[in-house]
Amino acid sequence: MSESQVWDAVDAYFTAHLAPDDEVTAAALRDSEAAGLPAINVTPNQGKLLRLLAEIQGARAILEIGTLAGYSTIWLARALPADGRLISLEYDPHHAEVAVRNIARAGLDKVVEVRVGAALESLPRLADENPPPFDLVFIDADKANNLHYLEWALRLTSTGSLIVIDNVVRSGRIVDAGSEDGDVRGTRAALELMGSHPRLSGTAIQTVGTKGYDGFALARVLA
């Protein structure tokens, strides 16, 4: 087998034994494809990781930046108690419409709210509401704005909160300091802030699998 075939086979094995899709999550993926949304959702084992992180946090409030079809939203929301809250920000109204249907079918519409619009416009409005600090923030939107999303995540969390940024490897291009790619530049800026900010303790992990060569960063908010 080629290297990518091995990655696919290992992911399939992990998913089958540790994070199998059920009827709800499988339907969310089918509806996403049928609606013409890009196939950039997290994988099932990555979704399970998000759920475990939320459960480890004992999360009661989660903020997601980038909803797509709501697949990762469902994984995260399943970690919440009945009186928990997840706010997901989605730029594209069509994506949001698909996500809302998927979330309702999952029986999670009572704890999940999808807000439509540019996240950098939604985030100040959210801050004006003075919500309780979010226990977990998952950043998975346009990568060029990762620095700004991380800055807002810091404002909307408190000591002990967890911040996760997806897709930080950029197929290895993250090491190119001279890159003119906005996604690379935005992600580099976020990682550099994560490493230098006195209120953040973070790391990043490279991954391989059905989505190819990628990775994620996570940071804990300090006092």
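One finds no salt bridge joining Arg155 and Glu151 here, because no Lys/Arg side-chain nitrogen approaches an Asp/Glu carboxylate oxygen to under 4.0 Å. With salt bridges taken as basic N to acidic carboxylate O contacts below 4.0 Å, none links Asp166 and Lys211. The pair Asp83-Arg60 meets the salt-bridge criterion, with a side-chain N (NZ, NE, NH1 or NH2) lying under 4.0 Å from an Asp/Glu carboxylate O. Here Arg105 pairs with Asp31 in a salt bridge; the nearest charged N to carboxylate O distance falls below 4.0 Å. Salt-bridge check for Arg51 with Glu55: passed, with a basic side-chain N closer than 4.0 Å to an acidic carboxylate O.
Two residues are said to be in side-chain contact when any heavy atoms from C-beta on lie closer than 4.5 Å; Val111 and Pro81 fail this criterion. Taking 4.5 Å as the limit, some side-chain heavy atom of Trp152 sits within range of a side-chain heavy atom of Pro124. Between Val208 and Glu3 there is no side-chain heavy-atom pair separated by less than 4.5 Å. With contacts defined as side-chain heavy-atom distances shorter than 4.5 Å, the pair Glu180/Arg185 qualifies. Side-chain contact between Leu29 and Tyr71: present, with at least one pair of heavy atoms (C-beta onward) separated by less than 4.5 Å. Residues Arg78 and Val24 have side chains in contact (heavy-atom distance under 4.5 Å, counting atoms from C-beta outward). Between Ile174 and Val168 the shortest side-chain heavy-atom distance does not fall below 4.5 Å. Thr207 has its side chain out of reach of Val169: every pair of non-hydrogen atoms, C-beta onward, lies at least 4.5 Å apart.
Nearest heavy-atom pair across Asn102 and Ala27 is OD1-O, 4.3 Å. Taking both residues in full, the closest heavy atoms of Pro44 and Ala19 are given as CB-O, 3.4 Å, listed atom of the first, atom of the second, then distance. Heavy atoms only, all atoms of each residue included: Leu37 and Ala69 are closest at CD2-CB, 3.7 Å. Pairing each heavy atom of Leu222 with each of Pro198, the nearest pair is CD1-O, 3.8 Å. Counting all heavy atoms, side chain and backbone alike, Ala219 lies closest to Leu200 at CB-CD2, 4.1 Å. When every heavy atom of Trp7 is checked against every heavy atom of Tyr213, the shortest pair comes out as CZ3-N, 4.3 Å.
Under the 4.5 Å side-chain heavy-atom criterion for ILVMFWY residues, no single connected hydrophobic cluster contains both Leu86 and Phe134. Cluster membership check: Trp75 does not share its hydrophobic cluster with Leu68, using side-chain heavy-atom separations under 4.5 Å among Ile, Leu, Val, Met, Phe, Trp and Tyr. When hydrophobic clusters are built by joining Ile, Leu, Val, Met, Phe, Trp and Tyr residues whose side-chain heavy atoms come closer than 4.5 Å, directly or via intermediates, Leu50 is grouped together with Leu108. When the side chains of ILVMFWY residues are joined at heavy-atom separations under 4.5 Å, either directly or via intervening members, Phe138 and Leu53 end up in a single hydrophobic cluster. Both Val221 and Leu150 sit in one connected hydrophobic cluster of ILVMFWY residues. Membership requires side-chain heavy atoms under 4.5 Å apart, directly or through other members.
Residue Ile62 is tested with Val137, Leu136, Asp135 for a side chain to side chain contact (heavy atoms under 4.5 Å, CB included); the sole match is Leu136. Residue Ser179 forms a side chain to side chain contact (heavy atoms under 4.5 Å, CB included) with just one option from Asp183, Val175, Asp181, and that option is Asp181. For the side chain to side chain contact (heavy atoms under 4.5 Å, CB included) criterion with Leu89, the lone passing option out of Glu121, Glu64, Arg115 is Arg115.
In this structure, CZ in Arg188 is found 13.0 Å from CG in Leu147, a value given to the nearest 0.5 Å. Atoms CE and OG, on Met194 and Ser196 in that order, are 10.5 Å from each other to the nearest 0.5 Å. The OH atom of Tyr149 lies 7.0 Å from the CD1 atom of Ile65; values are rounded to the nearest 0.5 Å. Note that CG of Asp8 is 7.5 Å distant from OG of Ser2, once rounded to the nearest 0.5 Å. Distance CG/Leu162 to CD/Gln57: 5.0 Å, rounded to 0.5 Å. Taking CG of Asn167 as the reference point, atom CG of Asp142 lies at 11.5 Å (rounded to 0.5 Å).
The closest side-chain donor-acceptor pair between Asn45 and Thr43 falls under 3.5 angstrom.
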In sequence, state the C-alpha distance, the side-chain angles, and the governing distance for Leu126 and Leu63, and then conclude on side chain to side chain contact (heavy atoms under 4.5 Å, CB included).
CA-CA 10 Å; Leu126 176 59; Leu63 173 63; 3.9 Å; yes
Checking Lys143 against Ile165 for the side chain to side chain contact (heavy atoms under 4.5 Å, CB included) test, could you report, in this order, the C-alpha distance in whole Å, the side-chain angles of both residues, the deciding distance, and whether it holds?
CA-CA 9 Å; Lys143 313 308 174 186; Ile165 307 178; over 6 Å; no
Apply side chain to side chain contact (heavy atoms under 4.5 Å, CB included) to Asn145 and Leu120, showing your working.
CA-CA 9 Å; Asn145 282 312; Leu120 291 181; 3.5 Å; yes
Evaluate Val164 against Leu49 for side chain to side chain contact (heavy atoms under 4.5 Å, CB included), listing each step before the verdict.
CA-CA 11 Å; Val164 182; Leu49 174 62; over 6 Å; no
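Ring pair His17/Tyr13 is tilted by interplanar angle, where 30° to 60° counts as tilted.
Atom CD of Glu192 has more than 12 neighbouring heavy atoms from other residues, nucleotides or ligands inside a 6.0 Å radius. Heavy-atom contacts from other residues, nucleotides or ligands closer than 6.0 Å to CD of Gln5 number more than 12.
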